[in-house]
Amino acid sequence: MSQTTKTALKELQRLDGEIRVAEERVAAFGPLLDDVEGPVVQLDTEAGVTRARFQEMKLDERRHELAAEEKHTRSKILQERLLTVRNVREEAAVTAELNMVRRTLEGEEQDAMTLLDQISKLEIRLEEQEASLVAARADVEPRRQELIKEREEVGTEVAEMKRRREEFATKMNPRELQLYQDIRGPTGRQAVAELTPDGACGHCFSVMPLQIQNEVRHGDELVRCEACGVILAASEPEGDGG
Ligand SMILES: [Zn+2]
């Protein structure tokens, strides 16, 4: 492995490092957006609860109405039957049932009235909550859009960085590139480190035997740190890109 290759590996690692930092910047927008959207989410949840309760009560009220209608019908049938009773005993039985049906009907109607009253109050509350929700949405929208736009911009930067990185990587030796990727692994750990002036691995700081130091500085072979496995590269003076 030539010094040029080692320089290329270092450059690749630098590009990967930049990509990671930029990706972290993209991810950091998540919590910021959550903060901005927090009040809206809260109001939306509250309005949702009221809306569900409202629907529930309307169904309940409808059930009472249906029950009342049924009692009405029954009451009419009983009233007609009263006209055709054949004896006092039959009359008493029909009258007793009619009275019972009428009392139940009153109860149903009363319950329906109470529910209607509650429903109209709930409807007002729901309208208020929905108005607050609309206002809160409008309030946070500019900041939200701003954050989304910024996130997209950083995302575009990341895409461009990745494109440049791929372009760079295609010029590298595939086997060396593969080794670099294997060391880096899914977590993106450091894959290349410079030898320190004292001859230690720049990643784990284990001092390398002199022979290895010489190979790293002057040899063409690829040398890895015996302790941590990173590819060792000679340090270069600033500006001497090799
Ligand atoms: Zn090491």
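Nothing fancy with the numbering, it's 1 onward along the sequence. Everything numeric in this text was worked out from a predicted model, so none of it was measured.
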*Roughly how far apart are Ser206 OG and Ile212 CD1, rounded to 0.5 Å?*
11.0 Å
_Are the side chains of Gln190 and Cys228 in contact, using a 4.5 Å heavy-atom criterion?_
no
*Indicate yes or no: at least one non-hydrogen side-chain atom of Arg189 is less than 4.5 angstrom from one of His203.*
yes
*From the options Glu167, Glu23, Glu157, select the one residue that forms a side chain to side chain donor-acceptor pair (under 3.5 Å) with Lys162.*
Glu23
*Closest approach of Glu194 to Ala234 (non-hydrogen atoms, all atoms of both residues)*: CG-O, 4.1 Å
_Quick check on the hydrophobic clustering: are Ile183 and Leu12 connected, directly or via other members, by side-chain heavy-atom contacts under 4.5 Å?_
yes
*Where do Val154 and Arg151 land on the side chain to side chain contact (heavy atoms under 4.5 Å, CB included) test, with the steps shown first?*
CA-CA 5 Å; Val154 183; Arg151 182 167 66 179; 5.9 Å; no
*Any side-chain donor paired with an acceptor under 3.5 Å for Asn87 and Glu91?*
no
*Test Lys58 against Glu61 for salt bridge (charged side-chain N to carboxylate O under 4.0 Å, His left out), laying out the working first.*
CA-CA 5 Å; Lys58 273 173 89 172; Glu61 195 265 337; over 6 Å; no
_Backbone of Glu109 reached by a side-chain donor or acceptor of Lys71 within 3.5 Å_ = no
*Gln211 atom CD, over 12 foreign heavy atoms within 6.0 Å*: no
*Check whether Val94 and Leu105 end up in the same hydrophobic cluster, where Ile, Leu, Val, Met, Phe, Trp and Tyr are linked by side-chain heavy atoms less than 4.5 Å apart.*
no
*Leu122 side chain reached by Met57 side chain, heavy atoms, under 4.5 Å*: yes
*Output, in order, the C-alpha distance, side-chain angles, deciding distance and verdict of salt bridge (charged side-chain N to carboxylate O under 4.0 Å, His left out) for Glu146 and Lys149.*
CA-CA 5 Å; Glu146 196 177 279; Lys149 189 164 167 279; over 6 Å; no
*Non-hydrogen atoms of Leu232 and Arg224 that approach each other most closely*: CD1-C, 4.1 Å
What pairs of donor and acceptor atoms, side-chain ones from residues 112-120 against any protein atom, are under 3.5 angstrom apart with sequence neighbours left out?
from: Thr114; atom 1: OG1; to: Gln110; atom 2: O; distance (Å): 2.9
from: Asp117; atom 1: OD2; to: Lys121; atom 2: NZ; distance (Å): 3.3
from: Ser120; atom 1: OG; to: Asp117; atom 2: O; distance (Å): 2.9

*Short side-chain to backbone donor-acceptor contact, Asn173 and Arg175, under 3.5 Å*: yes
_Residue pair Cys201, Val230: steps toward the side chain to side chain contact (heavy atoms under 4.5 Å, CB included) verdict_ = CA-CA 8 Å; Cys201 163; Val230 299; 3.8 Å; yes
*If you measure from CE on Met161 to CD1 on Ile19, what distance do you get to the nearest 0.5 Å?*
6.5 Å
*State which residue, out of His64, Arg63, His72, fulfils the side chain to side chain donor-acceptor pair (under 3.5 Å) condition with Glu108.*
His64
*May I ask you to test the Gln178-Met172 pair for a side-chain heavy-atom distance under 4.5 Å?*
no
*Quick one: do Ile231 and Phe168 end up in the same hydrophobic cluster if we chain Ile, Leu, Val, Met, Phe, Trp and Tyr together by side-chain heavy atoms under 4.5 Å apart?*
yes
_Tell me whether Arg163 at atom CZ has more than 12 heavy atoms from other residues, nucleotides or ligands lying less than 6.0 Å away._
yes
*Can you list the steps and then say if Arg14 with Glu18 is a salt bridge (charged side-chain N to carboxylate O under 4.0 Å, His left out)?*
CA-CA 6 Å; Arg14 193 186 65 76; Glu18 277 181 1; 2.5 Å; yes
*With the threshold set at 4.0 Å, does a side-chain nitrogen-carboxylate oxygen contact exist between Arg51 and Glu130?*
yes
*Report yes if the side chains of Thr73 and Lys76 come closer than 4.5 Å at any heavy-atom pair, otherwise no.*
no
*Dump the intermediate steps for side chain to side chain contact (heavy atoms under 4.5 Å, CB included) on Leu147 and Arg143, then the final yes or no.*
CA-CA 6 Å; Leu147 285 171; Arg143 179 69 185 132; 3.5 Å; yes
*If you round to the nearest 0.5 Å, how far is CG of Asp111 from CG of Asp60?*
8.5 Å
*asked:* Check whether Arg165 reaches the backbone of Leu15 with its side chain - one donor and one acceptor, N or O, closer than 3.5 Å.
replied: no
*asked:* Run Val207 and Asp198 through side chain to side chain contact (heavy atoms under 4.5 Å, CB included) and show every step you take.
replied: CA-CA 8 Å; Val207 176; Asp198 317 336; 6.0 Å; no
*When rounded to the nearest 0.5 angstrom, what is the spacing between CG in Leu133 and CD in Glu128?*
13.5 Å
*Determine yes or no for a side-chain-to-main-chain donor-acceptor pair under 3.5 angstrom, with Gln13 supplying the side chain and Ala191 the backbone.*
yes
*Side-chain contact test, heavy atoms from C-beta onward, threshold under 4.5 Å: evaluate it for Leu98 versus Leu82 and give yes or no.*
yes
*Below 4.0 angstrom, N of the basic side chain to O of the carboxylate: do Glu70 and Arg74 qualify?*
no
*What distance do Glu97 atom CD and Ile77 atom CD1 have between them, rounded to the nearest 0.5 Å?*
9.5 Å
*Gap between atom SG of Cys225 and atom CE of Met208 - 0.5 Å precision*: 3.5 Å
*Are Phe29 and Ile148 co-members of a hydrophobic cluster defined by side-chain heavy atoms under 4.5 Å apart?*
yes
For residues 39-50, run the donor-acceptor check on the side chains, cut-off 3.5 Å, and write out each pair with its distance to 0.1 Å, sequence neighbours left out.
from: Gln42; atom 1: NE2; to: Glu46; atom 2: OE2; distance (Å): 3.0
from: Thr45; atom 1: OG1; to: Val41; atom 2: O; distance (Å): 2.8
from: Thr50; atom 1: OG1; to: Glu46; atom 2: O; distance (Å): 3.1
from: Thr50; atom 1: OG1; to: Gln129; atom 2: OE1; distance (Å): 2.5
from: Thr50; atom 1: OG1; to: Gln129; atom 2: NE2; distance (Å): 3.4

*For Asp16 and Tyr180, test the side chains for any donor-to-acceptor distance below 3.5 angstrom and give the result as yes or no.*
yes
_Tell me whether Arg125 at atom CZ has more than 12 heavy atoms from other residues, nucleotides or ligands lying less than 6.0 Å away._
no
